[in-house]
Amino acid sequence: MIILVALGAGILTGMAVGGGVILVPALVLLFHVPQHSAQAAVLAAYLATSTVAAFTHRRQGNLLGRCLGRILLGSLPGAFIGAALAVRTPPELLRRSYGGVLIAVALYVFLVRGPAEGRQE
Amino acid sequence: MRPRLLYASIGLMAGLSNGLLGIGGGPVLVPALVFACCLPEHEAHGTAVAAVLFTSAVSAAVYVAHGRLDLSLAGQVALGGVVGSYLGARLMPRLKAQVLRRLYAAFLAAAGLRMLLGG
């Protein structure tokens, strides 16, 4: 069953609308997966799904090494800090925070024209 | 702002939200790179995918270190995700972006409310 939901989320990701924010709520609300497990699973799964994409982008010359390095300079420590905070946060608080962010994202998607419009390859 | 600082700041925010909630990938990073760093969209997208890849690895490692990762769950999610992404990329030209975004936003809002208020 979970595979089907992941399939749906994957389809959305393939369409460039982002699947993780669909998956975590689905796992938590439909399958009663604990908040931390859901987040961890989605993160780990992303490694598998995006590796191929990353190589493809690199081959097409769309991966800018210097920019990447600079981004990682901030994002790697950020991820470490964020995750370290998350694992120390009680599940209920984490879930509620996640829900709040989702609402904000929903408003953003609804009100703002996103990059998806530009991707008419 | 010096380029390195700008990129790193954007990266920091993406990394924090990635580690904290597992969010902060393409939909956030790509517009940031396009608007703040003036990267062309394809290159912003390509770079963002790689950035989130490495960043997620760090986040995932921390979760694993604290015993929060269920491998079987991750495996199922990965399997569905890989197949789904492929299908999604094929389907993309066929669906109206506007409709999809509204449905997407509606779902997020509903799910968000459930998660925020549920107990």
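To find a chain, count down the sequence lines: A is the first, B the second, and so on, and within it residues start at 1.
Side-chain atoms of E41(B) never come within 3.5 Å of backbone atoms of V34(B) as a donor-acceptor pair (strictly under, hydrogens ignored). Judged by distance alone, with hydrogens and angles left aside, the side-chain atoms of R96(A) form a donor-acceptor pair with the main-chain N or O of G118(B) at under 3.5 Å. Listed for the R95(A) side chain is a donor-acceptor partner under 3.5 Å among the backbone atoms of M115(B).
Contact tally against chain B (heavy-atom pairs below 4.5 Å) for S75(A), G61(A), G99(A): the top residue is S75(A). Counting heavy-atom pairs closer than 4.5 Å to chain A, the top-ranked of the candidates G22(B), A60(B), G81(B) is G81(B). Put simply, of L29(A), L94(A), T51(A), the one with the most heavy-atom pairs under 4.5 Å next to chain B is L29(A). In terms of non-hydrogen atom pairs under 4.5 Å with chain B, the most contact-rich of A38(A), C67(A), G65(A), A44(A) is C67(A). For the options Q76(B), R102(B), R68(B), heavy-atom pairs under 4.5 Å to chain A are most numerous at R68(B). Chain A forms more heavy-atom pairs under 4.5 Å with one residue of C37(B), A48(B), G75(B), A51(B) than with any other, namely A51(B).
Contacts between L107(A) and chain B at a heavy-atom distance below 4.5 Å are absent for every atom of the residue. Interface residue L64(A): backbone and side-chain heavy atoms are both found under 4.5 Å from chain B. Contacts of V52(A) with chain B are absent, with no heavy-atom separation under 4.5 Å from either backbone or side chain. Contact annotation for R88(A): only side-chain heavy atoms (C-beta onward) come within less than 4.5 Å of a heavy atom of chain B. F54(B) touches chain A through backbone and side chain together, each having a heavy atom under 4.5 Å away. Contacts between Q35(A) and chain B at a heavy-atom distance below 4.5 Å involve the side chain alone, from C-beta outward. The parts of L47(A) that come within reach of chain B are both its backbone and its side chain, each placing non-hydrogen atoms under 4.5 angstrom from that chain. At a 4.5 Å heavy-atom cutoff, the contact between V52(B) and chain A is made by backbone and side-chain atoms alike. For a residue to count as touching a neighbouring chain, one of its non-hydrogen atoms must lie under 4.5 Å from one of that chain's; by this rule L71(B) does not touch chain A. Interface remark: T56(A) contributes no atoms to any contact with chain B (heavy atom separation under 4.5 Å).
Remark: A36(B) pairs with L6(B), I10(B) by the side chain to side chain contact (heavy atoms under 4.5 Å, CB included) rule, at least two apart or across chains.
Applying the 6.0 Å contact sphere to CZ of F80(A) captures no more than 12 heavy atoms from other residues, nucleotides or ligands.
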(Q) Run V30(B) and T47(B) through side chain to side chain contact (heavy atoms under 4.5 Å, CB included) and show every step you take. (A) CA-CA 9 Å; V30(B) 174; T47(B) 307; over 6 Å; no

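Tested against Q39(A), the residues N18(B), I23(B), L21(B) include a single side chain to side chain contact (heavy atoms under 4.5 Å, CB included) partner, L21(B).
In the hydrophobic clustering, where aliphatic and aromatic side chains (Ile, Leu, Val, Met, Phe, Trp, Tyr) are joined below 4.5 Å either directly or transitively, V82(B) stands alone.
Considering every non-hydrogen atom in both A8(B) and L73(A), the closest pair reads CB-CB, 4.3 Å.
Ring planes of H45(B) and H57(A): perpendicular class, angle over 60° (limits at 30 and 60°).
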